[in-house]
Amino acid sequence: MSQPDDLRRPDGTPVRVLVVDDEVNIAELVAMALRYEGWAVDVAHTGSKAVALAKVERPDVVVLDWMLPDFDGLEVLRRIRAAEPTTPVLFLTARDAVEDRVAGLTAGGDDYVTKPFSLEELVARLRALVRRAGVAVAQSSSLLTVGDLTLDEDSREVVRAGDEIHLTATEYELLRFLMRNPKRVLSKAQILDRVWNYDFGGQANIVELYISYLRRKIDAGRDPMIHTMRGAGYVLKPA
C-alpha cells in the first residue's frame, strides 16, 4: 500500500484530529488509521467529552458521529463552531437518507461519510478537508527515524546503524507501520487490519511469523528494537 506525502501544519507539527463516536471499536480503528498517517488524535465517545476536548486541544479537523448517547452531532457541531467557527467537520453516521445529509451539511458540516465505510476513503476525505481549509501542507521529507533505524518511504531503503537491510514488500509494510507508531504497543488485530489491508481473515499467527522475520533482519546481532508485550502486542522503540 503506497502512502501519500505527509501532511503537516505549516509550522511542521502534526495535524490534530478529534474523533467522536460512541462505538469504541470504530473510534479506535479510525484513530489508528490517522495515527498511521502521522496525525495527533484525540478520541471522545460522548458529545460532552467531545466539546470539552475541542476547547482544550483545538483540533484542526473533527470526525463526528451523528448519533451520540448524550446529545447529537449537530449540537456538538454547534458548540464547537461557537468557539472555532472555521474548524472542518466530517460527519460519520449510519444515517444515509438524503434529508439527513442535507441537514448535516446545512448545519455547517463540511463532508459526510456513511457507515459502513472504507478507512482509505475516510482518510482521503480528511486529507482533502485539511488541505482545502489551509490547515496543512505536504511535507517533502519521506524519512522515518527511530533510534539508529531509518526508513525512506520514497526509495524504500531501510538502514540500521549504517547497514542496509533488504526487506520483502510485506516486511517493509510491517516495519513502516511500527516505525510510524514508535513506542506504541500495537495489537495483532491492529497490525492485521493495517498491514494486510483489513481482509486477511484474522489469522494472527501470520503477524507472529512476520515479526520473527523482521527481528532476524532488524535485531540480529544488535540490541533489540522490536519487543513483545505479552497479551498486548508488539512495540518498536530505540535500543
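The residues of the chain are indexed from 1 along the displayed sequence. Values reported hereafter were calculated over all heavy atoms of this structure, with side chains retained and with hydrogens, waters and symmetry mates removed.
Here the side chain of D60 pairs no donor or acceptor atom with the backbone of V17 at under 3.5 angstrom. In this structure, K183 contributes its side chain and V235 its backbone to no donor-acceptor pair below 3.5 Å. In this structure, N181 contributes its side chain and F177 its backbone to a donor-acceptor pair below 3.5 Å. Of the possible polar contacts, one joining the S118 side chain to the E120 backbone as a donor-acceptor pair under 3.5 Å is found. Looking only at distances, a side-chain donor or acceptor of D152 sits under 3.5 Å from a matching main-chain atom of S155. Looking only at distances, no side-chain donor or acceptor of E173 sits under 3.5 Å from a matching main-chain atom of T170.
Between E37 and R180, none of the side-chain N atoms (NZ, or NE/NH1/NH2) sits under 4.0 Å from a carboxylate O, so this pair counts as no salt bridge. The pair K49-D70 does not count as a salt bridge, with every side-chain nitrogen at least 4.0 angstrom from each carboxylate oxygen. Residues R222 and D148 are not paired through a salt bridge, judged by the lack of any N-O separation under 4.0 Å between the basic side chain and the carboxylate. One finds no salt bridge joining R125 and D110 here, because no Lys/Arg side-chain nitrogen approaches an Asp/Glu carboxylate oxygen to under 4.0 Å.
At most 12 heavy atoms of other shown residues, nucleotides or ligands fall within 6.0 angstrom of atom CZ in R58.
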Q.
side-chain hydrogen bond (donor to acceptor under 3.5 Å, both in side chains), that's the test. Do S48 and R79 meet it? Break it down for me.
A. CA-CA 10 Å; S48 55; R79 297 188 190 190; over 6 Å; no
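Within the 4.5 Å cutoff, the side chain of V76 has heavy atoms near those of the F71 side chain. Within the 4.5 Å cutoff, the side chain of Y213 has no heavy atoms near those of the T168 side chain.
Linking ILVMFWY residues whenever their side-chain heavy atoms come closer than 4.5 Å, directly or via other members, places V123 and F117 in the same cluster.
For the atom pair CH2 of W39 and CG of L34, the computed distance is 6.0 Å after rounding to the nearest 0.5 Å. A distance of 8.5 Å separates CD in E171 from CD1 in I218, rounded to the nearest 0.5 Å.
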